[in-house]
Amino acid sequence: MNYKGLEINETAEGIEIQGVHDFDLVHIFDCGQCFRWLKQKDGSYLGVVGSKAVRVSFYNEKLFISGSTYDDFVNLWYEYFDLGTDYSKIKKALCKDEIMAKAVEFGHGIRLLRQDIWELLISFIISANNRIPRIMKSVETLSKTFGNEISSSEGVFYSFPKPEDLSSCSMDKIELCKAGFRCKYISETSDMIRKKAVDLGSLSDMDTAHARKELIKLSGVGAKVADCVLLFSATKFDVFPTDVWIKKIMEILYFKREATLKEIDIFSKDYFGDLSGYAQQYLFFYARETKIS
DNA sequence: TTGCAGGGGTCAA
DNA sequence: TTGACCCCTGCA
């Protein structure tokens, strides 16, 4: 079978997609955009997306997704893995200096996943002043406590809860996820989303500055979290989420001195323009993996 | 073994 | 502009 130029083989175990370029699971899942993919000993990853729990592996330009059908690919995975975007074009446009050329070469298989904006919102609220393993544990516990069970050939998993699941329950229950002072933010933001105080679905119709302002109305959401939510949900690509890693790498590689968040924001808009979000991902992965700072 | 610093930021003063 | 904030891990 063929879908938009990609050859797909469906078997009893799942689907195999051939001829996938600019794609590397480690680069994709380890560049800071997602919290629900767990690396396995054989290099494959187990993860939950929406109501699907799958194992993915990649080898020789072939992407394998367990327990999935051709229809799943058309309805979910093609979009989720952003397979319709030509990353070689983006990379070429970004490689206008030696720094970016190195970063792009290093994370050549990065792709920006198109993730559910609500799940991202709560996940990145949890990420504030936190560590990745703990963020993953909290997201997992929220799903186990409030989500639906998903049985798959790979085991039992849980979907991420809906806004009404989190807004209707007591603080005691939310505190089970051990997110500490962020539990209050989760509860308040869930309530605001349920009441449509902020409409996540309408953000794509706004310009970037307006969409960011809307998100910052939510409890526990500042500039950094807002930018992550906009970028990783594929709502806006001209944002440059600046955390401590990105700040350090920008200071070392570009500014050659200390710089404020505002300076970095202005620089990225001017220098990377509409591709700021992609640039951020290559730089983040480069900084993290090479421990450049 | 115990103790302490600090972490993918946000909020309130 | 600055410090507190949950909880947990890593390290002395």
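In what follows, every chain begins at residue 1, and chains take the letters A, B, ... in the order their sequences are listed.
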*Asks:* Hey, which of these two, Cys34(A) or Lys184(A), hits DNA chain B nearer its 5' end, going by closest nucleotide?
*Replies:* Cys34(A)
*Asks:* Can you sort out which residues in residues 263-273 of chain A have a heavy atom within less than 4.0 Å of DNA chain B? Ascending by number, please.
*Replies:* none
*Asks:* Do any of residues 107-139 of chain A sit with a heavy atom less than 4.0 Å from DNA chain B, and if so which?
*Replies:* Ser127(A), Ala128(A), Asn129(A), Asn130(A), Arg131(A), Ile132(A), Arg134(A)
*Asks:* On the 0 to 90° scale, with breaks at 30° and 60°, tag the Tyr80(A)-Trp77(A) ring pair as parallel, tilted or perpendicular.
*Replies:* perpendicular
*Asks:* Rounded to the nearest Å, what distance is computed from the OH atom of residue Tyr185(A) to the C1' atom of nucleotide dT10(B)?
*Replies:* 5 Å
*Asks:* Quick check: does any side chain N or O of Ser276(A) sit under 3.5 Å from a backbone N or O of Gly273(A), one acting as donor and the other as acceptor?
*Replies:* yes
*Asks:* Side chains of Ser170(A) and Asp172(A): do they bring a donor and an acceptor to under 3.5 Å?
*Replies:* no
*Asks:* Output the rounded distance in Å from CZ (Phe240(A)) to P (dG8(B)).
*Replies:* 17 Å
*Asks:* Could you write out DNA chain B as a dot-bracket string, with dots for unpaired bases, | for bases paired across to another strand, and Watson-Crick or G-U pairs counted at under 3.5 Å?
*Replies:* .||||||.|||||
*Asks:* When you check the side-chain N and O atoms of Ser143(A) and Arg36(A), is any donor under 3.5 Å from an acceptor?
*Replies:* yes
*Asks:* According to side-chain hydrogen bond (donor to acceptor under 3.5 Å, both in side chains), who are the partners of Ser204(A), at least two apart in sequence or on a separate chain?
*Replies:* none
*Asks:* Show me the donor-acceptor pairs, under 3.5 Å and distance only, between side chains in residues 156-165 of chain A and residues at least two apart or in other chains.
*Replies:*
from      : atom 1 : to        : atom 2 : distance (Å)
Ser159(A) : OG     : Asn148(A) : N      : 3.0
Asp165(A) : OD2    : Lys162(A) : N      : 2.8

*Asks:* Okay, side chain of Gln115(A), backbone of Gln33(A): is any donor-acceptor separation there less than 3.5 Å?
*Replies:* yes
*Asks:* When the P atoms of dC6(C) and dT2(B) are compared, how many Å lie between them, rounded to an integer?
*Replies:* 25 Å
*Asks:* Would you mind reading off the distance between Ile246(A) atom CD1 and dG9(B) atom P, rounded to a whole angstrom?
*Replies:* 11 Å
*Asks:* Would you say Arg55(A) and Ser66(A) are linked by a side-chain donor-acceptor pair, where the criterion is simply a distance under 3.5 Å?
*Replies:* no
*Asks:* In whole angstrom, give the distance that lies between atom CG of Asp172(A) and atom P of dC6(C).
*Replies:* 15 Å
*Asks:* For DNA chain B, what residues of residues 219-235 of chain A have any heavy atom nearer than 4.0 Å?
*Replies:* Ser219(A), Gly220(A), Val221(A), Gly222(A), Ala223(A), Lys224(A), Val225(A)
*Asks:* Measure across Asn129(A) and Arg182(A) and return the closest heavy-atom pair with its distance rounded to 0.1 Å.
*Replies:* O-NH2, 2.9 Å
*Asks:* For dT1(C) versus dG8(B), give the span between their P atoms, rounded off to a whole number of Å.
*Replies:* 24 Å
*Asks:* Do Asp71(A) and Thr69(A) get their side chains close enough for a donor-acceptor pair, meaning under 3.5 Å?
*Replies:* no
*Asks:* Starting from P on dG7(B), measure out to CH2 on Trp245(A) and report it in whole angstrom.
*Replies:* 10 Å
*Asks:* Of all the nucleotides listed (dG8(B), dC8(C), dC6(C)), which has the minimum atom distance to the side chain of Lys178(A)?
*Replies:* dC8(C)
*Asks:* Can you measure Arg182(A) atom CZ to dG9(B) atom C1' for me and round it to whole angstrom units?
*Replies:* 9 Å
*Asks:* Using atom NZ of Lys247(A) as one end and atom C1' of dG8(B) as the other, report the distance to the nearest whole Å.
*Replies:* 14 Å
*Asks:* Atom CD of Gln281(A) to atom C1' of dG8(B): distance rounded to whole Å?
*Replies:* 12 Å
*Asks:* If the plane angle is over 60° it's perpendicular, under 30° parallel, otherwise tilted; pick one for Phe267(A) and Tyr254(A).
*Replies:* tilted
*Asks:* Go through the side-chain N and O atoms of Ser127(A) and Asn130(A) and say whether any donor and acceptor fall under 3.5 Å apart.
*Replies:* no
*Asks:* In the structure I gave you, are the side-chain heavy atoms of Phe23(A) and Glu61(A) within less than 4.5 Å of one another anywhere?
*Replies:* no
*Asks:* Determine the Euclidean distance between corresponding P atoms of dT1(B) and dC7(C); express it in Å to zero decimal places.
*Replies:* 24 Å
*Asks:* Quick one: sort the Phe237(A) and Tyr278(A) rings into parallel, tilted or perpendicular, breaks at 30° and 60°.
*Replies:* parallel
